[in-house]
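Structure first, commentary second.
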Amino acid sequence: MTSPSFTKAAGLHLLVIMSLFVLQFVLPAYHHLAIARIMVLAVFAMGYNLLFGYAGLLSLGHALFFAAGLYGAGLTAYHLGWSVPAAFVAGTGSGFLASLLVGLISLRTSGVAFMIVTMMFAQVAYLASLYFTTYTRGDEGLVMPDAARRFELFGASFDLTDPTVRYNIALALLTLTTVVIFAIVRGTTGRTLIAIRENEPRTLMLGYDTFRIKLKALVISGTLSAMAGSAYALLFAYVGSSFASIQYSIDALLFTLLGGAGTVLGPLLGTVAMFYMIDIASEYTAAYLLVTGLALIALVLFFPKGIVGTIRERWVSWLP
Amino acid sequence: MDLGPFLLLATLEGLLQAAVLTLTALGLSLVFGVMRIVNVAHGEFYMLGAVIAWWTASLLSSNPAAGFFLALVISPLLVGAIAYACERLILKRLEYDPEATIVATIGMLYVIQQTVLIAYGPDARPVEAPFYFRVQFPWFGYSGYNLFVIAAAIALLGICWYILTKTRLGLIMRATQFDRETAQAFGIPVGKVYGYVFAAGAMLAAIAAVLIVPIRQAHYLMGLDPLLLSFIVVIIGGLGSLRGTVIAALIIGLSDGVISVFFSPTLAKMISTLLVALVLVFKPEGLFGARAR
């Protein structure tokens with residue numbers, strides 16, 4: 001594991017995390033908030049990438065897992081008055097259960113059918129969030145009261161309405177996700193995932209239980225996505241149906257494709273690029289989805305490997 | 001209260017829904033069957049059909065009937081041309097890779113939807129029906145136009161069935177569907193066939209939309225529901241099976257009509273979506289489809 005390429009790759013990731021930490025002292029307020037949001041969304045995209053980029057499974061239902069985290073954390077904190085850490089665990093836990101259940105059923109299919117099945121499960125979840133509108137307030141959504149956003153942990157007290165606290169919690173989650181993904185990808189599981197992506201029948205023939213490995217990837221991916229959802233609900237104090245819609249699953253796909261599917265840092269870079277692209281476009285037009293659409297088409301046509309994927313292919317072959 | 005009138009109304013509304021759904025789903029099924037790609041932008045071709053119908057009809061607003069029948073010709077032709085251009089410019093270059101085409105058609109969905117939003121605006125606008133008369137049932141009068149839509153859908157289905165099974169054109173399509181390489185070897189211009197099939201699928205959706213637009217209005221977000229319902233129909237019916245598509249559209253249309261009258265529409269949608277996902281998991285070839293080779 002301690003080959004030169006490992007040292008270089010680990011160093012690069014450490015550098016990225018460190019620069020994000022330093023960045024918070026120089027950013028103006030608007031971009032400070034934007035980067036905090038981007039880091040949470042990047043956790044979602046990185047979780048998505050483990051399944052799509054490494055295992056080669058195109059899911060159009062990841063909004064379901066994000067929403068499981070969002071509602072798992074949001075509803076327990078809002079209605080039951082759970083503290084922030086407990087709500088966070090509840091959100092992440094519901095994402096774990098949801099991904100285990102969806103995985104057990106949907107992984108019986110493959111290819112296009114897998115895509116349609118995951119999309120339909122997510123659509124059911126979206127409709128459910130509208131149906132139980134007494135608790136979720138549907139499209140209008142819930143806004144967390146400030147009291148539900150203060151908590152104490154290990155004797156220290158935190159206030160999530162404080163931008164610095166939010167930024168650093170988001171950074172901590174991003175760091176954790178990067179470490180988890182990096183470890184998986186560099187380890188045997190990552191190699192078997194890539195083997196499944198490239199040639200599943202042969203991997204099966206070599207004696208690997210491909211169903212089990214795919215399920216493992218889906219559960220880790222779903223749990224990370226739910227972690228991002230829980231963090232989103234608690235950090236930015238809003239829980240609403242729009243986060244469960246198909247649009248949100250497609251966003252994760254878009255971030256991943258733009259940055260480079262099958263690279264550790266790609267989804268982060270893709271999220272940053274897409275977030276600011278939409279941000280700038282929406283100054284000129286309300287129809288910012290036009291940018292999303294054109295970006296998707298241009299990406300699959302001319303740039304299928306994404307930013308980091310292309311860099312890796314041309315210049316820096318040691319990127320994980 | 002008497003149950004009879006309710007059931008009759010639900011049946012008629014269900015039949016109307018099934019008629020439109022059959023045409024839309026048939027387009028999707030044709031594209032999937034022959035080209036092996038999932039066209040996520042299919043609902044947007046439906047929406048385009050409705051919006052272009054409004055535009056055409058508004059040019060001839062003095063005479064609603066002439067406006068409607070002009071729309072019935074122009075709208076499918078324009079939508080077909082747009083779909084053909086999309087196929088040649090985008091899908092062809094992706095070499096019909098299943099995942100890349102899904103991503104590309106999602107992109108097309110957003111581009112079409114947002115372009116219509118910019119050009120046409122967020123309002124829902126109606127097209128006037130070409131004629132008005134009421135068919136008097138024992139309990140209530142029912143719009144004659146709705147019955148015309150059902151009849152038109154049945155006629156179109158007959159034409160499609162004839163083209164697919166009895167003509168040389170249908171033979172070429174079936175040959176391409178069955179074995180692309182061999183068809184190519186026998187001199188069938190597979191690329192051209194793909195372009196025309198993609199356009200034909202979009203045209204079927206556009207025709208369905210023109211037929212429905214005097215009843216429901218044209219709106220830039222109207223494509224999502226038909227897309228999901230068409231997915232459901234195509235999956236339950238079995239991919240590429242004409243008979244399956246018609247039967248599934250009847251089941252879905254009628255049950256949607258009945259459940260929406262008696263229960264919550266959101267609950268009805270949740271249940272049918274979940275059922276379809278499970279059909280796809282446990283019987284991937286659908287009710288009438290042949291098992292994939």
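Quick note on labels: first sequence line is chain A, next is B, and so on, each numbered from 1.
Only the side chain of B:Ile102 comes within contact range of chain A, judged by heavy atoms closer than 4.5 Å. With a 4.5 angstrom heavy-atom cutoff, B:Ile106 touches chain A via backbone and side-chain atoms both. Using a 4.5 Å cut-off between heavy atoms, B:Leu278 contacts chain A through its side chain alone, with no backbone atom that close. If you measure heavy-atom distances from A:Leu60 to chain B, the contacts under 4.5 Å come from the side chain alone. Looking at A:Leu253, only its side chain comes within 4.5 Å of chain B, counting heavy atoms on both sides. Contacts between B:Val38 and chain A at a heavy-atom distance below 4.5 Å involve the side chain alone, from C-beta outward. There is no contact between A:Leu107 and chain B, counting heavy-atom distances below 4.5 Å. The parts of A:Ile105 that come within reach of chain B are both its backbone and its side chain, each placing non-hydrogen atoms under 4.5 angstrom from that chain. Residue contact with chain A, scored on non-hydrogen atoms closer than 4.5 Å, involves the backbone and the side chain of B:Thr115 alike.
Among A:Ile297, A:Val117, A:Leu254, A:Ile246, the residue making the largest number of heavy-atom pairs under 4.5 Å with chain B is A:Ile297. Each of B:Met270, B:Arg93, B:Met108, B:Gln113 has some count of heavy-atom pairs under 4.5 Å with chain A, and the biggest count is that of B:Met270. Of the listed residues (B:Leu109, B:Leu117, B:Ile232, B:Leu228), the one with the most heavy-atom contacts under 4.5 Å to chain A is B:Leu228. By number of non-hydrogen pairs under 4.5 angstrom with chain B, the leading residue of A:Ile250, A:Thr292, A:Leu130 is A:Ile250.
Two rings, from B:Phe198 and B:Tyr84, have their centers 6.0 Å or more apart.
In terms of heavy atoms, A:Ser221 sits closest to A:Leu51 at OG-CB, 3.8 Å. For A:Ala45 against A:Thr271, the heavy-atom pair with the smallest separation is CB-OG1, 3.8 Å. Between B:Ala83 and B:Ala199, the shortest heavy-atom contact is CB-CA, 4.0 Å.
Under the rule for a ring-ring contact (aromatic ring centres under 6.0 Å, His included), the partners of A:His62 that lie at least two apart in sequence or sit in another chain are A:Tyr48, A:Phe65. Scored by the side-chain hydrogen bond (donor to acceptor under 3.5 Å, both in side chains) test, A:Arg137 finds A:Glu140 as partners (sequence neighbours excluded).
Ring pair B:Tyr96/B:Tyr194 is perpendicular by interplanar angle, where above 60° counts as perpendicular and below 30° as parallel.
By the 6.0 Å contact criterion, OH on A:Tyr131 is open, its count of non-hydrogen atoms from other residues, nucleotides or ligands being 12 or less.
For the atom pair B:Met47 CE and B:Tyr120 OH, the distance stands at 9.5 Å (nearest 0.5 Å).
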